[in-house]
Structures are given as C-alpha cells and as structure tokens.
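First up is the structure itself, then whatever we jot down about it.
Convention: sequence-line order gives letters A, B, ...; per-chain numbering from 1. All values derive from a computational prediction rather than experimental measurement.
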Amino acid sequence: MTSRLAESRNGGHWLLAVAAVVGALLIADSLSQWVQASLPFRTESREWRTGTLGLLFTQATPLVIGLLLLSFGMIRTRLGWRLAGVIGCGLALLVLALAVVYARDSGTLDGSLGTEAMERLQRSSRRTLVGATVFGFGLLGAGFLLLREGLRPRPADR
Amino acid sequence: MTSTQSVLGPRSPFAGILYIGALVLFLDQLAILGASVYPAALDSVQWRFGSVGLAAGRATPFLICDLLFLSAGVLAGHRWFLRALGVLHVFVALVILAGVAGFILDTLEIRQMLPLETRQQAMASAIRAVVALVAVSIFCVVVGVRVIRGTPPASAARSADRRLVLDNRSEVAE
C-alpha cells in the first residue's frame, strides 16, 4: 500500500515535471516566433512598437497555457511557490507597462489612413488592449495567489 | 517537499490560478471574436456565414478554456459552479445546434451567389465549420450530462450521506 502510494506520488511528480517542460517549450516557441517577426529591433519607431506589441499580445493564449504548465512544475517546493509568485508579479508589471506603452502609441494612430482602415485599426488595437489588460491582471492575480501560498506558515514551520 | 496531493488537492490555491487562467483565455478569445465580427449585421447572410465560420475556427481555444474551468471546479470542489457549468454546456450545445441549422441554410443561399472558382473552397470551409460545431455540441452535451449527474444538489448529497450513515448504524446493530 505504502509503496503504491509512493509510486503514485513519484508518478505525479514526474507528470508535473513533464508539464513544466511542455510549458517551457510552448513559451519558447511563442516568444521565438515573436522575436523572429519583430526583427530588426527599432524601439524608437512608434509603428514598430505598435506592431510588435500587438503581435506579442495576440500570443496571450499559448503564453497563458505555457505559464500554467510551467507553474505546475515549479510549485513542487516552498521556494518554487515563492519563485513562481515573484515571477508572476514581475511579468504582470511588465505586461501592464507594455500595455500602457501600446495604448499611448496606438492612441496617436496615423491620420493618413482612410476612415474604414482607421476604424479597423482602432478596433484591432482596442481588442489587443483588452487582451493585454486581462493578461496582465490575470498574471498579477495568479502571482499574488502563488506568493501568498509560498509565504503562508505551514504546521511543520511553526 | 510538498506532495503532489497537496499541490493538486482540494485546498490547493492552484484551483484559483486555473480559474484566472481560464478567465484570461476566455476574455481574450471573446475579444478576438468580438473584434472580428463587429459591427453585427444579423440581417446580412454574408455576415452570419462569416461569423459562424470565425466562431468555429475559435473552437479549440474555447475548448481548452472550458477544460481549465472544469479542472479548476473539480480541483476546488465547487459543486455549485460545476453544476452551473454543466447546465451551461447543455444550453450552449442547443444554441450551437440551432446555429448549425441556420448556418447550413445560409451556406446553401451563399452558394448561389459565389463565382464557380471560389465556390468549392467556400464549401470546404463551410463543411469544416459544420464538423467542428457538431463535434463541439456533442462534447458539450456529454460533458454537461456527466457533470450534472456527477454533482447532485447539496440536499440530495446530504440525504445520500444520511442514508449511508443509517445503513452503517443498522449493520453495526445487527
């Protein structure tokens, strides 16, 4: 009975490790595609910033799934909970800051575009902003939950 | 080191993280779909055809999001949430089936308007969308029924527990 329980626990840990690897691969794949599409870097150009950040925020779905899987693998230890929480909060602040940059840049869209193209562009930028804000606040919430659990005293610590 | 049970157990905060992840995915996908079909023109057959096709194309991320919601509910042991989700699944399945019926009629109407060279491609896309939507509606019915059956109302669960206790007592008395 005990050996079966230990076996299932080992199996569970093995599964969590696999989930973490799959999560890391998903994130690496998304980010590498994004970097490839945004080359060459021209951070001083407003058009480049709008296009690149818009592209990054459309990758929210694989990034969320990747981060969820990765955090499954990280929370096997107390330190892992804390680390995942700090990374989550840090990423949230980064995403929210980038969302502010995107909002500022897309607010001054090129007036030379036709009305229909302009409307389409504004609609697309609004959608991207909604996605980015939800992603940022979601990361912040998840980071706080992980951090709270990591800092909570356990019976063994008392 | 914490055990896997405590990481994924009923009191684990991971359920909350899964809820947040599912909500982020759902709102993001909803925003993508909303921006693609806005402004709504329900009386236009082209708009209806395009919107249903776009919604069918978003089936996979919505299914992933649904699985995350289900996993979070099971992990947290939120019976009421799972039950509501089960009912919502059955409702969504009915809406999708009604939508598929309308979509087939719209496809037949649009078929006449399309030039011959693009007709075959449009029909292939329409068939793909119908297959995806029917598969999603079957998934919704199966999940909805199983979840509703698996999570009886709290009063029913309490009376079942009481019966179990009484049965055990009578067995002990014997």
Side-chain angles (χ1 to χ4, degrees), chain A residues 5-6 8-16 57-65 67-69 71-73 75-81 84-85 88 119-120 122-150 152 154 156, chain B residues 1-41 44 46-47 50-51 54-76 78:
Chain A
L5 187 64
S8 84
R9 281 183 181 180
N10 285 338
H13 280 299
W14 181 81
L15 204 63
L16 291 177
F57 294 136
T58 54
Q59 300 276 330
T61 302
L63 287 178
V64 168
I65 296 167
L67 285 170
L68 275 176
L69 291 174
S71 58
F72 259 125
I75 56 172
R76 284 176 294 170
T77 60
R78 291 292 303 281
L79 185 68
W81 281 100
E119 261 179 30
R120 207 177 306 141
Q122 278 175 345
R123 205 187 311 149
S124 154
S125 69
R126 250 177 260 142
R127 181 213 75 69
T128 308
L129 259 180
V130 169
T133 313
V134 168
F135 185 35
F137 280 110
L139 270 173
L140 200 61
F144 272 125
L145 278 177
L146 286 164
L147 209 54
R148 195 184 64 175
E149 184 63 18
R152 182 185 290 174
R154 302 249 167 116
Chain B
M1 196 177 245
T2 57
S3 71
T4 313
Q5 275 87 345
S6 70
V7 168
L8 301 175
R11 295 173 80 184
S12 161
F14 215 82
I17 294 164
L18 282 180
Y19 274 130
I20 291 174
L23 197 66
V24 169
L25 278 191
F26 181 73
L27 292 177
D28 183 49
Q29 292 302 321
L30 208 62
I32 293 173
L33 193 60
S36 343
V37 300
Y38 183 84
S44 157
Q46 284 93 340
W47 182 85
S51 307
L54 282 170
R58 296 256 145 228
T60 310
F62 275 118
L63 281 184
I64 293 172
C65 165
D66 182 41
L67 286 176
L68 286 179
F69 270 125
L70 281 170
S71 313
V74 170
L75 205 59
H78 290 156

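- Residues D28(B) and A60(A) come closest through the heavy atom pair OD2-CB, 3.6 Å.
- Both the backbone and the side chain of I32(B) come within less than 4.5 Å of a heavy atom of chain A.
- For residues 132-140 of chain A, heavy-atom neighbours of chain B at less than 4.5 Å comprise V134(A), F135(A), G138(A), sorted by residue number.
- If you measure heavy-atom distances from I64(B) to chain A, the contacts under 4.5 Å come from the side chain alone.
- Expressed to the nearest 0.5 Å, how far CG of L30(B) lies from CZ of R127(A) amounts to 11.5 Å.
- Using a 4.5 Å cut-off between heavy atoms, I65(A) touches chain B through its side chain atoms alone.
- Summarising the geometry, atom OG1 belonging to T61(A) is positioned 9.0 Å from atom CZ belonging to F62(B); distances are rounded to the nearest 0.5 Å.
- Here the options are L18(B), V24(B), I20(B), the test is side-chain contact (heavy atoms from CB on, under 4.5 Å), and the partner is L68(A); only L18(B) passes.
- Between the side chain of R123(A) and the main chain of Y38(B), a donor-acceptor pair closer than 3.5 Å is present.
- Contact of S124(A) with chain B is not made at all, since no heavy-atom distance falls under 4.5 Å.
- Per-residue counts of heavy-atom pairs under 4.5 Å with chain A were compared for A35(B), G21(B), G34(B); the largest is that of A35(B).
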